[in-house]
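Reminder, nothing fancy here: chain letters follow the sequence lines and each chain counts from 1. Bear in mind the structure is a predicted one, so any value in this text is a computation, not a measurement.
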There are 2 protein chains.
Amino acid sequence: IRNPVRGIAHDTDVTRFTLVAVPDKPGVAAKVFHAPAEAKINIDVIVQNMGADGCADLSFTIADADYEKALKVMEPVAKELNAKKLVVDQNVAKISIVGTGIRSHPGYADKMFSTLASEEINILSITTSEIRITCLIERDKAQQAVKALHKVFELEKV
Amino acid sequence: IRNPVRGIAHDTDVTRFTLVAVPDKPGVAAKVFHAPAEAKINIDVIVQNMGADGCADLSFTIADADYEKALKVMEPVAKELNAKKLVVDQNVAKISIVGTGIRSHPGYADKMFSTLASEEINILSITTSEIRITCLIERDKAQQAVKALHKVFELEKV
Ligand SMILES: C[C@@H](O)[C@H](N)C(=O)O
Ligand SMILES: C[C@@H](O)[C@H](N)C(=O)O
């Protein structure tokens with residue numbers, strides 16, 4: 001039976017911005033993402049999880065080269081929204097397992113997370129789609145993560 | 001020029017589980033997702049954003065029909081991890097804009113979020129992939145959201 005995981009993707013050219021504790025009400029996400037859109041900054045992963053006490057954290061990733069530009073654009077936005085803080089993390093990398101079978105196979109997330117756990121690699125963020133499970137991890141752990149995942153998912157290194 | 005957004009997808013058969021404030025260290029995500037994998041529960045969207053004070057929130061969505069089964073499986077896990085709480089939200093729906101052009105067009109997230117904002121629909125969660133921007137919103141707002149997004153992205157209702 002064909003391996004539902006067809007590859008491991010990784011990207012170390014990743015900088016994460018997080019606006020911590022912005023108001024969790026209509027219009028806030030629009031305000032946050034209008035600024036980088038106007039500045040034509042390419043945004044990759046956007047993450048917002050469940051809020052608490054009327055606030056939520058909004059994160060997004062960009063290429064390292066856009067850091068200065070994004071900081072300039074996001075600092076005033078974070079202020080206007082009264083964000084608790086604006087956090088920038090450049091020590092991140094994006095690791096994904098990719099395959100058409102992923103979502104219908106309940107064990108894949110478990111398998112990916114267990115593999116990173118046994119390598120003692122901390123998972124900083126998780127998002128999924130029908131064909132991909134994506135984690136952010138520390139940048140210096142990227143090669144180790146890719147190697148371990150290739151082994152566990154029995155893939156030829158591509 | 002072809003419309004990079006080829007459709008609006010929505011799903012109202014969505015229940016969200018969130019383990020609030022679990023330890024943000026290796027092995028935790030694996031522990032959380034091992035249990036539903038063993039119980040063969042199909043998991044759709046997984047979200048984890050940046051942690052704080054050594055803890056992180058882990059969320060996932062399932063079909064409404066799996067609620068009882070998932071609750072039975074997750075309650076002990078939440079206890080063992082000393083989660084601050086286990087939150088279940090059944091009043092959610094998943095709305096996505098789908099299209100191959102999405103990630104390379106900086107304005108799409110802004111456009112989607114602004115549309116929901118002008119409908120006064122609160123965005124409860126956000127995740128993205130190369131071809132999709134997905135939001136969780138309140139279930140009773142799903143039809144209104146789909147209608148508004150179809151209009152804004154100039155799509156034939158499918
Ligand atoms: C936090 C942000 O997503 C807010 N809930 C909004 O709808 O814009
Ligand atoms: C919170 C959880 O993802 C943890 N960081 C882990 O690596 O398992």
Side-chain angles (χ1 to χ4, degrees), chain A residues 16 18 20 24-52 56-60 87 89 103-104 106-111 113-135, chain B residues 16 18 20 24-34 36-52 56-60 87 89 103-104 106-135:
Chain A
R16 174 171 63 171
T18 303
V20 179
D24 188 3
K25 54 177 183 136
V28 172
K31 181 162 176 69
V32 169
F33 290 94
H34 184 67
E38 289 280 280
K40 302 239 188 309
I41 295 169
N42 271 312
I43 290 192
D44 186 10
V45 183
I46 297 175
V47 192
Q48 175 191 326
N49 205 355
M50 195 182 79
D57 298 345
L58 270 168
S59 292
F60 60 88
V87 179
D89 192 349
R103 209 183 78 190
S104 42
Y108 284 85
D110 175 24
K111 196 164 174 175
F113 304 155
S114 300
T115 303
L116 296 174
S118 48
E119 297 290 319
E120 310 235 353
I121 294 171
N122 198 35
I123 298 167
L124 310 175
S125 179
I126 303 169
T127 51
T128 57
S129 72
E130 278 78 5
I131 59 167
R132 188 182 276 254
I133 299 175
T134 296
C135 292
Chain B
R16 174 171 64 171
T18 303
V20 178
D24 188 2
K25 54 179 182 136
V28 172
K31 181 165 176 69
V32 169
F33 290 93
H34 184 67
E38 288 279 280
K40 304 244 187 305
I41 295 169
N42 272 311
I43 290 192
D44 185 10
V45 183
I46 298 175
V47 192
Q48 174 192 326
N49 206 353
M50 196 182 78
D57 298 344
L58 270 167
S59 292
F60 60 88
V87 179
D89 191 349
R103 208 183 78 191
S104 42
Y108 283 86
D110 176 24
K111 196 164 174 176
M112 179 184 193
F113 304 155
S114 301
T115 302
L116 296 174
S118 48
E119 297 290 318
E120 310 236 354
I121 294 171
N122 199 35
I123 298 167
L124 310 176
S125 178
I126 303 169
T127 51
T128 57
S129 73
E130 280 77 5
I131 59 166
R132 190 181 274 254
I133 300 174
T134 296
C135 292

Based on non-hydrogen pairs under 4.5 Å, which of [options] is most in contact with chain A?
options	answer
Ala117(B), Pro106(B), Gly51(B)	Pro106(B)
Gln48(B), His34(B), Lys25(B)	Gln48(B)
Ala37(B), Pro36(B), Ser129(B)	Ala37(B)
Leu116(B), Val87(B), Asp24(B)	Asp24(B)

For a 4.5 angstrom cut-off between non-hydrogen side-chain atoms, does Arg16(B) reach Val47(B)? no
Distance (rounded to the nearest 0.5 Å) between Ile131(A) CD1 and Arg132(B) CZ: 9.5 Å
CZ on Phe113(B) to CD1 on Ile133(B), rounded to 0.5 Å: 5.5 Å
Between Val20(B) and chain A, which part of the residue has a heavy atom less than 4.5 Å away: side chain, backbone, both or neither? side chain
Chain A contact via Thr127(B) - side chain, backbone, both or neither, heavy atoms under 4.5 Å: both
Between [options], which has the largest tally of heavy atom pairs under 4.5 Å with chain B?
options	result
Asn42(A), Asp44(A), Ile41(A), Ile121(A)	Asp44(A)
Gly107(A), Ser59(A), Cys135(A)	Ser59(A)
Ala39(A), Gly27(A), Ala29(A)	Ala29(A)

Checking heavy atoms, do the side chain of [X], its backbone, both or neither come under 4.5 Å from chain B?
X	result
Ser114(A)	both
Ile46(A)	both
Glu38(A)	neither
Asp89(A)	neither

Residue pairs, two or more places apart or on separate chains, that pass salt bridge (charged side-chain N to carboxylate O under 4.0 Å, His left out) and touch residues 107-124 of chain B: none
Hits for side chain to side chain donor-acceptor pair (under 3.5 Å) against Asp57(A), two or more places apart or cross-chain, chain-then-number order -> none
Apply side chain to side chain contact (heavy atoms under 4.5 Å, CB included) to the pair Phe33(B) and Leu58(B), showing each step before the final yes or no. CA-CA 10 Å; Phe33(B) 290 93; Leu58(B) 270 167; 4.0 Å; yes
